[in-house]
Amino acid sequence: MPRKPFVPGAALVVAAALAAGLSGCSGTSSPDGGAADAKSGDASSSSQAAEPGRYQTLPEACGLPSRKAIRSMLPGDGQDLSDAEAKKIYGGVADITYDTDRRVGCRWTRETTSGTRHLGLDIQRVVSYDAATSDEDKAQGIFDKKKLAAQIPSGGAGSPSPAAPSPSPSPSTPKGKDKGEGTVTNSAGEKDATGGSAAGKSTPGGSATQKAGKAPSGSPSQASDPSADPSTDPSTDPSTDPTGSTAPRVLDDLGDAAFLNDKLVTADSGVHRDVTVVFRTSNVIVQLTYDQWSTDKSMLPDSQELQDKARSLATELSDSLSE
């Protein structure tokens, strides 16, 4: 029986028909359209993505503060500076960073016969890689961690600039046994640091000691050992008298969120007061540190002066970043 001849054209027609059928099946297997879902999903994800932060770059840190502000915060003791010396002191030293669009910093130092002052500036631009978290929200989270680490009281009187001067340390200096006795975190707590009787007035334990007229076994050693280990001093407790005008506190009139911390530390090498102002503006966090060191433990750095200068510079920086 003769075979039927093979017709290539017919085979091509059959193959084309099968391909069309398969395409039709894959296209109708999803009533809503798979490709449409993918696009709508992308559009939905992008519509839910958090807003980027206001700042995409950072300024040059050493050039951000005005020269007038730097001069005010690094006063001399009357000596004249050459142009080279002034440039070295007031020009600052930039921090080494790997990405100046993400973090910059600068440090200033001035030594005088009465002590040394240091000023530090750290500026961080926060970027969130989570589409559900905005840059600003992530920056706020970092700010909250800094505030928690500093043990800043929540709420309170807020941030109005301190108007009342800090208690003068001079009344405490005649008492030789009180020099460098303790450390506090604010000028209100300086009463605790400058004498046992003052501490008795401000703390329940001290009051009991004062009434009894007898010093506890620990008091004589503290009075006779002004170089006690600073790690055990009350200066590490920033909660000392949180109602004081210069106590660590939240600042309501600086940036989007801000706080101020103040610590007085006494050690063998001398005494120093450290004032820190941290504020957030959108997705940028600025940390300003300002301290004064003195080898004479009877000369306590003035809390009010340091805080006022630090807050003034922080306000200037906030205004510059907002321009």
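Residue numbers start at 1 and run along the sequence shown. The figures that follow rest on heavy atoms only: side chains count, while hydrogens, waters and symmetry mates do not.
One distance of note links OG of S312 with NZ of K68; it measures 9.0 Å at 0.5 Å rounding. Rounded to the nearest 0.5 angstrom, S82 OG and K87 NZ are separated by 11.5 Å. Interatomic distance, CG of D122 versus OG1 of T97, reported as 9.5 Å (0.5 Å rounding). Atom-to-atom distance recorded for I89:CD1 and W108:CH2 is 13.5 Å, nearest 0.5 angstrom. Interatomic distance, CG of L321 versus CZ of R54, reported as 8.5 Å (0.5 Å rounding). The CG atom of L260 lies 7.5 Å from the CD1 atom of I152; values are rounded to the nearest 0.5 Å.
Both L74 and L81 belong to a single network of hydrophobic side chains, linked directly or stepwise wherever heavy atoms of I, L, V, M, F, W or Y lie under 4.5 Å apart. Following chains of ILVMFWY side-chain contacts shorter than 4.5 Å, one cannot reach W293 starting from L300, and the two form parts of different hydrophobic clusters.
Summarising the geometry of P65 relative to L121, their closest heavy-atom pair is CG-CD2, 4.1 Å, with the distance given to 0.1 Å. Contact detail for P248 and P153: the closest heavy-atom pair is O-CD, 3.5 Å. Summarising the geometry of G63 relative to E60, their closest heavy-atom pair is N-OE1, 2.7 Å, with the distance given to 0.1 Å. Taking all atoms of both residues into account, the shortest heavy-atom contact from A139 to S282 is CB-O, 3.8 Å. Counting all heavy atoms, side chain and backbone alike, L288 lies closest to A314 at CD2-N, 4.0 Å. Closest heavy-atom contact between A257 and Q140: CB-OE1, 3.9 Å.
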(message) Show, in sequence, the C-alpha distance, side-chain angles and deciding distance for Q287 and K146, and conclude whether the side chain to side chain contact (heavy atoms under 4.5 Å, CB included) test is met.
(response) CA-CA 10 Å; Q287 179 165 316; K146 290 178 177 288; 3.3 Å; yes
(message) Run S298 and D296 through side chain to side chain donor-acceptor pair (under 3.5 Å) and show every step you take.
(response) CA-CA 5 Å; S298 67; D296 185 355; 2.7 Å; yes
(message) Test side chain to side chain contact (heavy atoms under 4.5 Å, CB included) on V104 and D95; report intermediate values, then the result.
(response) CA-CA 7 Å; V104 294; D95 291 346; over 6 Å; no
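Other residues, nucleotides and ligands place no more than 12 heavy atoms under 6.0 Å from the CD atom of E111. Heavy atoms of other residues, nucleotides or ligands lying less than 6.0 angstrom from CG of D83 number 12 at most. For K88, the NZ atom sits in a loose shell: 12 or fewer heavy atoms of surrounding residues, nucleotides or ligands are nearer than 6.0 Å. Counting non-hydrogen atoms of other residues, nucleotides and ligands closer than 6.0 Å to CG of D99 gives a total above 12.
Residues V126 and D135 fail the side-chain proximity criterion, which asks for heavy atoms closer than 4.5 Å. Using a 4.5 Å heavy-atom threshold, the side chains of R102 and V127 count as touching. For the pair T116 and T109, the minimum side-chain heavy-atom distance is below 4.5 Å. L119 is listed as a side-chain neighbour of I70, based on a closest heavy-atom distance under 4.5 Å. Side-chain contact between I285 and I142 is present, with at least one heavy-atom pair separated by less than 4.5 Å. Contact annotation: the side chain of V284 approaches that of I123 to within less than 4.5 Å [non-hydrogen atoms, C-beta and beyond]. Between L264 and P301 there is a side-chain heavy-atom pair separated by less than 4.5 Å. At a threshold of 4.5 Å between non-hydrogen side-chain atoms, the residues T266 and K297 count as touching.
No donor-acceptor pair closer than 3.5 Å links the side chain of Q292 to the backbone N or O of G115. The backbone N or O of D130 sits less than 3.5 Å from a side-chain atom of S128, completing a donor-acceptor pair. Counting only distance, with no hydrogens or angles, the side chain of R249 and the backbone of A247 share a donor-acceptor pair below 3.5 Å. When atom types are taken as modelled, the side chain of K147 and the backbone of V250 share no donor-acceptor pair closer than 3.5 angstrom. Panel note: side chain S322, backbone S318; a donor-acceptor pair is recorded below 3.5 Å. Distance alone, capped at 3.5 Å, is enough to place a donor-acceptor pair between the E316 side chain and the S66 backbone. Looking only at distances, a side-chain donor or acceptor of N283 sits under 3.5 Å from a matching main-chain atom of Y55. A donor-acceptor pair under 3.5 Å is formed between the side chain of Q56 and the backbone N or O of G53.
Salt-bridge annotation for E305 and R117: present, with a side-chain N of the basic residue lying under 4.0 Å from a carboxylate O of the acidic one. Electrostatic pairing of D256 and R280 counts as a salt bridge here, judged by a charged N lying under 4.0 Å from a carboxylate O. Salt-bridge check for D302 with K309: failed, with every basic side-chain N at 4.0 Å or more from each acidic carboxylate O.
Between the side chains of H118 and D291, at least one donor N or O lies within less than 3.5 Å of an accepting N or O. Neither side chain, Y98 nor R103, offers a donor N or O lying under 3.5 Å from an acceptor on the other. Side-chain contact annotation: R273 with Y290, donor-acceptor N/O pair under 3.5 Å absent.
Remark: R125 pairs with no residue by the side chain to side chain donor-acceptor pair (under 3.5 Å) rule, at least two apart or across chains. F259 pairs by the ring-ring contact (aromatic ring centres under 6.0 Å, His included) definition with F143, not counting sequence neighbours.
The side chain to side chain contact (heavy atoms under 4.5 Å, CB included) test with T315 singles out one residue from L313, D319, L317, and that residue is D319.
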